[in-house]
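Taking it in order: structure first as structure tokens, then the write-up.
Not measured: the values here are computed from a predicted model. In what follows, chains are A, B, ... by sequence order, proteins preceding strands, each numbered from 1.
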4 protein chains.
Amino acid sequence: MPKKEQIREAAIKIIARDGFFNATTDKIAKEAKVAVGTLYNYFTSKEEILDYIFAVEFEKRAAFYQNMKNWRMDWFLKINGILNFHLQEFQKEPDIAIILLAERMNAHRYGLTSLANFSQLSLIISAILQQGIDEKKIRPCNTQNISLFISGFLNELLFAITTKTTANTAAENYNHNFDNLEQSLDEFCTLLKTSLAVSAPES
Amino acid sequence: MPKKEQIREAAIKIIARDGFFNATTDKIAKEAKVAVGTLYNYFTSKEEILDYIFAVEFEKRAAFYQNMKNWRMDWFLKINGILNFHLQEFQKEPDIAIILLAERMNAHRYGLTSLANFSQLSLIISAILQQGIDEKKIRPCNTQNISLFISGFLNELLFAITTKTTANTAAENYNHNFDNLEQSLDEFCTLLKTSLAVSAPES
Amino acid sequence: MPKKEQIREAAIKIIARDGFFNATTDKIAKEAKVAVGTLYNYFTSKEEILDYIFAVEFEKRAAFYQNMKNWRMDWFLKINGILNFHLQEFQKEPDIAIILLAERMNAHRYGLTSLANFSQLSLIISAILQQGIDEKKIRPCNTQNISLFISGFLNELLFAITTKTTANTAAENYNHNFDNLEQSLDEFCTLLKTSLAVSAPES
Amino acid sequence: MPKKEQIREAAIKIIARDGFFNATTDKIAKEAKVAVGTLYNYFTSKEEILDYIFAVEFEKRAAFYQNMKNWRMDWFLKINGILNFHLQEFQKEPDIAIILLAERMNAHRYGLTSLANFSQLSLIISAILQQGIDEKKIRPCNTQNISLFISGFLNELLFAITTKTTANTAAENYNHNFDNLEQSLDEFCTLLKTSLAVSAPES
DNA sequence: GATGAATGAGAGTTCATTCAT
DNA sequence: TATGAATGAACTCTCATTCAT
């Protein structure tokens, strides 16, 4: 495997586990089975590693979104598809989920360029919604707001997933778990649909 | 002003600005116009300061929620009231908003006890929704999921507020700003209402 | 009890347990049921407390030695008496023993005046021995050397007492304990006597 | 010179001069002409440096003692040899003498493993004495006690050496100095011999 | 490119001492 | 005299980064 990839994967593991600040370059290097110095042959700083992690993830999503543009389907199915895509990604790589969620604020604080890209993604959702409106499939609404709701849902779902593993002692039965992620997602989609969809014109 | 409060406020300012890890005890002490040692007369560690910040905020919210239980009003107005309360709080003290959002993952990682309390709050929302269901005002649904949507909305709104101040270069016109927070909130409430409310039984 | 005495006793307890450097003024004050500030009404510094502890102990011993000068007895019984006196003192107040042993180097380093006094004590032993020599009861020898052996014996006995409590795991049966302190002392005295005493002139 | 050795030697110098607690990592590093961080590449803590110092010294002594077991000589010459060995060691490296003496209590308090080893050495002396007894060269006695006297003598000699350099103001002429260390040692050996040795059987 | 020992600024924390009450 | 909150210099230890090999 290329060294840079090796480092990226090690960094994901360590940062997800310990957080960006507790993820020392030593630990990352050890995990990557590489010398500390080697990190600096591929990245100029520890921050840049984080930046790169975000960038790679952005690319994955951008590729999916780009591809999706060609889909010929209902707005609702598209949104549903997007949410499903994210959920699957996070289930495949939970560490990524943790990092995207936990470190985005750090990424923002350090002015990492890759983070800015992520806001583009919500534009795509907005665009889908707008198209729905234009096609009279969705009632008039502020698409930006709706796409914010959607991001919020995804993030909160992740936080619930990420934190519940340790925190659920008393309120055991109130906690979400991986089993009903899909159920959560479905309920959210239902909520969106029932609220936004223009009822089929009565004949 | 009591010293502990003085320190808490200084810490809020510094942690909101620099993040928990970059918020050094020196900076906090200087901001509080206090010697470093004084911090340790009131807190046993830097982490405990963060814990205390969370605890105070939790108390504020818990007090509000407790009080709210006596309200005699529609589920929808209650939810609306809660969201408005939070929004006002955050507008009053944006630094708190930033910390609650950015550091909750750290709080979780350090096992700060105060964080666990926050999950109680979502139980209250669940309870309101459940009552709505029992009273046939809300269609059957998983109340836990819905309360998760609500938290997600609030957090995402905060993130948008928090980050836009610096990040809006390209997509200027797509960014939210303080002026339309209320509009966002209204739209979200509308969405909830239209989706959840059982249409008044026709006579 | 006078405050100064109260503080001295507390300091003995804490310093014996934790060592001079780990004995914080806070701990001493708490043990003495006194405010930290009060310490400084009776002592100008933490070091001075140690100095005072040494001084008090010196006084006790000096009083005994002074008194002993009037004794009318054999050199051997005098030495034996001195050793017994010390042993009893240390058994009465083991904390004192620990401090005298463990902190004398600190006392020396800080140039505490009270420590210097202790070397006077060995002069008294020397004097007793010298008298024995003059009276032809002891063979000619360097009295200074012998008094050094005596101090060495006492200190090593203390060290053995002080440290054995925790260290004896494997070589249990090789360790000294309080029960045979007297036996140790007797053996040492025997050794001194058999070596130093001039055999009674044969008629 | 290997870095670890460089650090060890610097630490010996500083700890001997200032005591373990006043020997800051900064001072040690500076003396070793090394950065502070480098200390921690070789030792996990300041305590471990002290432990290592003790361990190295123990090894030296253990090697000597091991070698000595093969000696074919009288018990008395063996004991004499051991005492001479120690004295020479301490004259060669007086700083070591100071540390062994002054910090053994700290070593004990911190539970440094290397200190425990030193007690093994006194077992060897006991063994030599026991052999003397078995061979009817030494009168029956508690070997453990005698070896305690021997250690006590050595330590006290060291203390005298160590402290006299500064403390001798009043009793100048009573102080030992390097010139008569050998004389002291000889006198001590004489004392042991005259007291312990079984007189040659008369024909 | 790869290495990892060396670096040293800077972190969190402690604690002897002071002084207003 | 007694107090104990406030102080801040000084401590041990960490870790991102460098650079000679």
| task | Go through K46(A) and F20(A) one step at a time and tell me if the side chain to side chain contact (heavy atoms under 4.5 Å, CB included) criterion holds. | result | CA-CA 9 Å; K46(A) 191 179 137 184; F20(A) 181 68; 3.8 Å; yes

| message | Only Watson-Crick and G-U wobble pairs with both distances less than 3.5 Å should count. Give DNA chain F in dot-bracket notation, marking inter-strand partners with |. | response | .||||||||||||||||||||

Given atom [atom1] of [X] and atom [atom2] of [N], what is their separation to the nearest angstrom?
X: K3(B); N: dT7(F); atom1: NZ; atom2: C1'; answer: 10 Å
X: I7(D); N: dA5(E); atom1: CD1; atom2: P; answer: 12 Å
X: F43(D); N: dT14(F); atom1: CZ; atom2: C1'; answer: 18 Å
X: I28(A); N: dC15(F); atom1: CD1; atom2: C1'; answer: 12 Å
X: K27(D); N: dC11(F); atom1: NZ; atom2: P; answer: 7 Å

| message | Can you tell me how far apart CG (N155(B)) and CG (L100(B)) are? Round to the nearest 0.5 Å. | response | 8.0 Å

| said: When you measure from the side-chain N and O atoms of Y42(D) to the phosphate of dA5(E), is any distance below 4.0 Å, counting only OP1 and OP2? | reply: no

| field | Annotated protein contacts, base or backbone, on nucleotides 14-21 of chain E with a non-hydrogen cut-off under 4.0 Å, one of B, S, - each | value | BBBBB---

| field | Candidate pair E57(C) and R61(C), rule salt bridge (charged side-chain N to carboxylate O under 4.0 Å, His left out), full reasoning | value | CA-CA 6 Å; E57(C) 294 308 315; R61(C) 282 150 190 72; 3.0 Å; yes

| message | Any non-hydrogen side-chain atom of Y52(C) less than 4.5 Å from a side-chain atom of K4(C)? | response | yes

| request: Please state whether the rings of H108(D) and F159(C) are parallel, tilted or perpendicular, taking 30° and 60° as the class boundaries. | output: perpendicular

| Shortest non-hydrogen contact between A11(A) and I53(A), atoms and distance | CB-CD1, 4.0 Å

| note | In short, I15(D) meets A23(D) closest at the heavy-atom pair CG1-CB, 3.7 Å

